[in-house]
Q: 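Have a look at the structure that comes next, please.
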Amino acid sequence: MSFELELLEQRRAKLEQIEALGFAAYPYKFDFSHTVAQITEAYASQSAEELAQAKPEVRVCGRLQAIRGHGKAGFADLTQGGSRLQIYVRKDAVGERAFHLYELLDLGDLVGVEGYLFRTRTGELSVHVTNLTLLAKAMLPMPEKWHGLQDVEARYRQRYLDLLANPEVRKVFAVRSRLIRALRSAMERRGYIEVETPMMQPQAGGAAARPFHTHHNALDLDLYLRIAPELYLKRLVVGGFDRVYEINRNFRNEGISTHHNPEFTMLEFYQAYSDYRDLIALTEQLLPEVVMEACGTTSVEFGEYRIDFSRFHRYTMRQAIREFWPEDASRPAIEDFCDRRRTLAVVEAWNRLNPSQPLLAPPEETNGSTIANLFEAVCETKLVQPTFICEFPVEVSPLAKSKPDEPGWVERFELYVAGMEIANAYSELNDPEEQRKRFEAQMALREQGVAEAHGMDEDYIRALCYGMPPTAGEGIGIDRLTMLVTNSRSIRDVILFPLLRPETATPDGSQ
RNA sequence: GGGCCGGUAGCUCAGUUGGCAGAGCAUCUGCCUUUUAAGCAGAGGGUCGCGGGUUCGAGUCCCGCCCGGCUCACCA
């Protein structure tokens with residue numbers, strides 16, 4: 001028998017002994033008078049004398065995280081919801097039967113205790129137990145008590161153990177929850193209505209990404225998991241919801257990295273009678289507001305940086321390439337991006353400065369794509385403090401409205417923080433004829449083999465034909481924002497169950 | 001997909017030039033009625049990720065594979 005099975009057998013035997021003592025192995029409930037957190041908070045300031053006088057009675061439950069035996073007495077740490085409370089079990093106080101139960105307990109067991117509060121010789125608030133019950137047994141051993149669970153793979157695969165063994169993980173997800181709650185209430189305060197739009201779509205639109213495929217049997221219908229809610233949310237704006245938002249999952253069938261999980265959470269919202277400038281103003285208000293609510297400050301540690309969400313920088317994409325160009329002699333001019341040949345010369349200059357990582361700019365690529373790629377290569381990692389990058393090439397923005405004076409550029413911004421794209425927003429294109437032309441241009445790209453190019457969406461164009469008010473829309477990546485406010489270097493550390501290969505045994509027995 | 005790093009007891013980790021598979025925690029037995037990384041004495045626990053190869057001998061060297069991490073590419 002393997003050691004692991006032996007441990008399991010030991011605990012089965014203990015559970016049988018516990019039942020033989022007359023305790024239920026899996027009782028149905030425990031009537032607690034306090035949570036552990038309520039007790040530690042309410043009695044924190046009471047002295048040993050005050051407690052000895054009052055002997056406050058409590059019924060409290062949780063998981064045993066440490067057991068310290070002393071012969072005919074013993075201590076244990078009861079944890080619940082990330083809080084800890086010591087219990088003290090004496091044979092003469094609980095009786096033979098309950099003390100025998102105490103001796104059969106293992107680390108990880110869930111128990112309920114009844115007793116009175118006191119302070120030990122060393123001053124620690126503890127429950128002097130008069131009644132002990134088992135609520136559920138841990139049949140497998142818990143991770144080690146002071147190093148926690150370190151194995152990264154095990155932490156993701158068995159997140160429940162990660163949460164039990166590593167208190168800071170629990171904190172990350174508490175902050176994530178506060179952040180989402182803050183965003184929701186910030187949107188509600190501004191008069192936005194929360195909606196839910198289809199996750200399964202006959203056509204995956206609203207972004208440039210490859211989708212996941214699925215199938216509905218009864219309708220015999222091929223469907224895609226959505227890559228963005230955008231086109232549905234704008235249909236709702238046509239329908240008269242002037243301010244809508246959705247906080248939900250998007251699915252993109254792309255690579256996995258420290259900044260990308262195949263499913264990720266976005267806040268996406270639309271505001272009628274507004275343009276992207278209004279959304280810059282909104283974002284400048286919104287982020288400090290929600291970051292303050294989630295962490296109690298607007299400036300947060302992120303790796304080697306301190307990120308200040310109360311101050312925003314701003315460049316156009318063309319300005320940013322100039323600004324962050326590494327060398328004066330070859331610094332491009334704004335006019336260099338007007339024409340294909342001059343843009344390619346800028347790429348060549350960049351590649352001369354970075355021969356090890358040359359930027360590929362195939363001749364058939366649109367000039368807009370080349371400029372956007374150039375921007376990412378030159379600037380992205382340097383945008384540490386919150387920075388708006390405004391005005392994108394029309395070729396990479398098929399759903400955004402052109403600038404009135406420069407049809408090749410659109411009214412759009414992306415917000416960068418710590419080298420990551422956090423938000424993306426634009427003045428929405430609401431001219432159905434122009435939208436049709438944009439879709440046609442995208443389809444032409446798709447024919448050239450650009451798999452993530454946008455498809456034609458006739459129903460969306462029909463919706464625009466009924467008239468969409470001038471509208472601005474924005475998406476904010478919740479996972480990445482959570483990374484920033486929890487100082488997490490990997491997106492997997494802010495997603496409870498990140499996608500991993502399943503741990504199935506292969507024919508040769510390996511994993 | 002490329003590059004680099006890792007996988008040894010339930011957990012956290014050592015393992016030297018190729019020479020008997022180790023420690024701490026956890027577990028088990030005994031002692032212990034205010035400890036808190038409780039303590040003391042003893043015991044058990046291993047497919048060294050998987051499969052080949054080299055060798056008298058492989059955790060260690062070589063090849064292939066699996067899983068994971070970081071990074072580059074792609075993307076948000």
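Any value given below was found using the heavy atoms of this structure, including those in side chains, with hydrogens, waters and symmetry copies removed. Quick note on labels: first sequence line is chain A, next is B, and so on, each numbered from 1.
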Q: Among B:rU33, B:rG10, B:rC28, which nucleotide has an atom closest to any side-chain atom of A:A73?
A: B:rU33
Q: When rounded to the nearest Å, what value does the distance between C1' atoms of B:rA21 and B:rC40 take?
A: 28 Å
Q: Apply ring-ring contact (aromatic ring centres under 6.0 Å, His included) to A:F413 and A:F312, showing your working.
A: CA-CA 13 Å; A:F413 72 78; A:F312 292 80; 9.8 Å; no
Q: For A:R155, which contact category applies under a 4.0 Å heavy-atom criterion: base, sugar-phosphate, or nothing?
A: nothing
Q: Report the residues that fulfil salt bridge (charged side-chain N to carboxylate O under 4.0 Å, His left out) with A:E57, sequence neighbours left out, ordered by chain and then residue number.
A: none
Q: Using ring pair (Phe, Tyr, Trp, His ring centres under 6.0 Å) as the criterion, list what pairs up with A:H128, not counting sequence neighbours.
A: A:Y88, A:Y116, A:F118
Q: Can you tell me how far P in B:rC56 sits from the matching atom in B:rG15, rounded to whole Å?
A: 28 Å
Q: Does a distance-only test, which skips hydrogens and angles, find a donor-acceptor pair under 3.5 Å between the side chain of A:E144 and the base of B:rG24?
A: yes
Q: Can you confirm whether more than 12 heavy atoms, excluding those of A:K382, are under 6.0 Å from its NZ atom?
A: yes
Q: Report yes if a donor N or O on one partner sits less than 3.5 Å from an acceptor N or O on the other, where the partners are the side chain of A:D92 and the base of B:rU33; otherwise report no.
A: yes
Q: Here's a test of your reading of the structure: between A:L500 and A:A208, which maps to the more 5' nucleotide of RNA chain B?
A: A:L500
Q: Looking at the side chain of A:R90, which of B:rA73, B:rU35, B:rU34 is the nearest nucleotide?
A: B:rU34
Q: Could you give the distance from CZ (A:F497) to CG (A:N261), rounded to the nearest 0.5 Å?
A: 12.5 Å
Q: Have a look at A:F264 and say if it touches a base, only the backbone sugar-phosphate, or nothing, with a 4.0 Å heavy-atom cut-off.
A: base
Q: For B:rG1, which nucleotide is its Watson-Crick or G-U wobble mate, given both distances must be under 3.5 Å?
A: B:rC72
Q: Residues from residues 477-492 of chain A sitting under 4.0 Å of RNA chain B, heavy atoms only?
A: A:R480, A:S490, A:R492
Q: Looking only at atom C1', what distance separates B:rA9 and B:rC5, rounded to whole Å?
A: 24 Å
Q: Taking salt bridge (charged side-chain N to carboxylate O under 4.0 Å, His left out) as the definition, give me every residue that meets it alongside A:D457, ordered by chain and number, with sequence neighbours left out.
A: A:R235
Q: Where do N or O atoms of nucleotides 38-41 of chain B meet protein N or O atoms at under 3.5 Å, pair by pair?
A:
from: B:rA38; atom 1: OP1; to: A:K145; atom 2: NZ; distance (Å): 2.3
from: B:rA38; atom 1: N7; to: A:G69; atom 2: O; distance (Å): 3.0
from: B:rA38; atom 1: N6; to: A:G69; atom 2: O; distance (Å): 2.4

Q: From the set B:rC67, B:rU34, B:rG69, return the single nucleotide nearest to any side-chain atom of A:R121.
A: B:rU34
Q: Name the nucleic acid region contacted by A:N261, choosing base, sugar-phosphate or nothing; use a 4.0 angstrom heavy-atom cut-off, strictly under.
A: base
Q: Taking only heavy atoms on the protein side, list every residue of residues 35-57 of chain A lying under 4.0 Å from any atom of RNA chain B, sorted numerically.
A: none
Q: Sequence neighbours excluded, which residues qualify as salt bridge (charged side-chain N to carboxylate O under 4.0 Å, His left out) partners of A:R492?
A: none
Q: Which one is paired to B:rC48, where only Watson-Crick or G-U wobble pairs with both distances under 3.5 angstrom count?
A: none
Q: How long is the line joining CD of A:E153 and P of B:rG49, in whole Å?
A: 13 Å
Q: Spell out, as yes or no, whether a donor-acceptor pair under 3.5 Å connects the side chain of A:R68 to the backbone of A:D77.
A: no
Q: Please tell me which of the listed nucleotides, B:rC70, B:rU35, B:rC28, lies nearest to the side chain of A:T120?
A: B:rU35
Q: Rounding to an integer number of Å, can you tell me how far A:L78 CG sits from B:rU35 P?
A: 20 Å
Q: Has A:E428 got a side-chain atom pairing as donor or acceptor with A:G473's backbone, closer than 3.5 angstrom?
A: yes
Q: Report which part of the nucleic acid A:I422 touches: base, sugar-phosphate, or nothing (heavy-atom distance under 4.0 Å, all strands).
A: nothing
Q: For A:H128 and B:rU34, give me the distance from atom NE2 to atom P, rounded to whole Å.
A: 10 Å
Q: Going by purine N1 to pyrimidine N3 plus the second Watson-Crick contact, or the G-U wobble pair, all under 3.5 Å, which nucleotide sits opposite B:rA14?
A: none
Q: Does the structure show a Watson-Crick or G-U wobble partner for B:rG6, both distances under 3.5 Å? Name it, or say none.
A: B:rC67
Q: Taking it one step at a time, do A:Y315 and A:F324 satisfy ring-ring contact (aromatic ring centres under 6.0 Å, His included)?
A: CA-CA 11 Å; A:Y315 302 98; A:F324 294 98; 5.5 Å; yes
Q: Whole Å only: how far is the CE atom of A:M142 from the C1' atom of B:rU12?
A: 16 Å
Q: I'd like the P distance from B:rC65 over to B:rG3, given in whole Å.
A: 11 Å
Q: Looking at the side chain of A:R11, which of B:rG68, B:rU27, B:rC32 is the nearest nucleotide?
A: B:rU27
Q: With sequence neighbours left out, what residues match A:E114 under salt bridge (charged side-chain N to carboxylate O under 4.0 Å, His left out)?
A: A:R59
Q: Quickly work out the A:L140 CG to B:rA26 C1' distance and round it to whole Å.
A: 13 Å
Q: Tell me which residues in residues 82-89 of chain A lie within less than 4.0 Å of RNA chain B, going by non-hydrogen atoms.
A: A:Q86, A:Y88
Q: Rounded to the nearest 0.5 Å, what's the gap from CG on A:N250 to CD on A:E268? Could you check?
A: 7.0 Å
Q: Keeping to residues at least two apart or across chains, list the salt bridge (charged side-chain N to carboxylate O under 4.0 Å, His left out) pairs with something in residues 125-154 of chain A.
A: A:D106-A:K137, A:D109-A:K137, A:E153-A:R157
Q: Quote, to the nearest angstrom, the P distance that separates B:rU29 from B:rC67.
A: 41 Å
Q: Keeping to residues at least two apart or across chains, list the salt bridge (charged side-chain N to carboxylate O under 4.0 Å, His left out) pairs with something in residues 473-483 of chain A.
A: A:R176-A:D479
Q: Counting distance only, does the side-chain N/O of A:Q80 pair as donor-acceptor with the main-chain N or O of A:G62 below 3.5 Å?
A: no
Q: Scan residues 130-139 of chain A against RNA chain B and write down, sorted by residue number, each residue with any heavy atom closer than 4.0 Å; if none is found, say none.
A: none
Q: Return the nearest nucleotide to the side chain of A:F75; candidates are B:rU33, B:rU35, B:rU12.
A: B:rU35
Q: Keeping the roles fixed (side chain from A:T381, backbone from A:G419), state whether a donor-acceptor pair exists under 3.5 Å.
A: no
Q: What is the pairing partner of B:rG19, taking Watson-Crick or G-U wobble pairs with both distances under 3.5 Å in any strand?
A: B:rC56
Q: Under 6.0 Å from the ring centre and within 45 degrees of the ring axis: does the NZ or CZ of A:R97 meet both conditions for the six-membered ring of A:F23?
A: yes
Q: Looking at A:Q46 and A:Y43, would you say the former's side chain and the latter's main chain have a donor-acceptor pair under 3.5 Å?
A: no
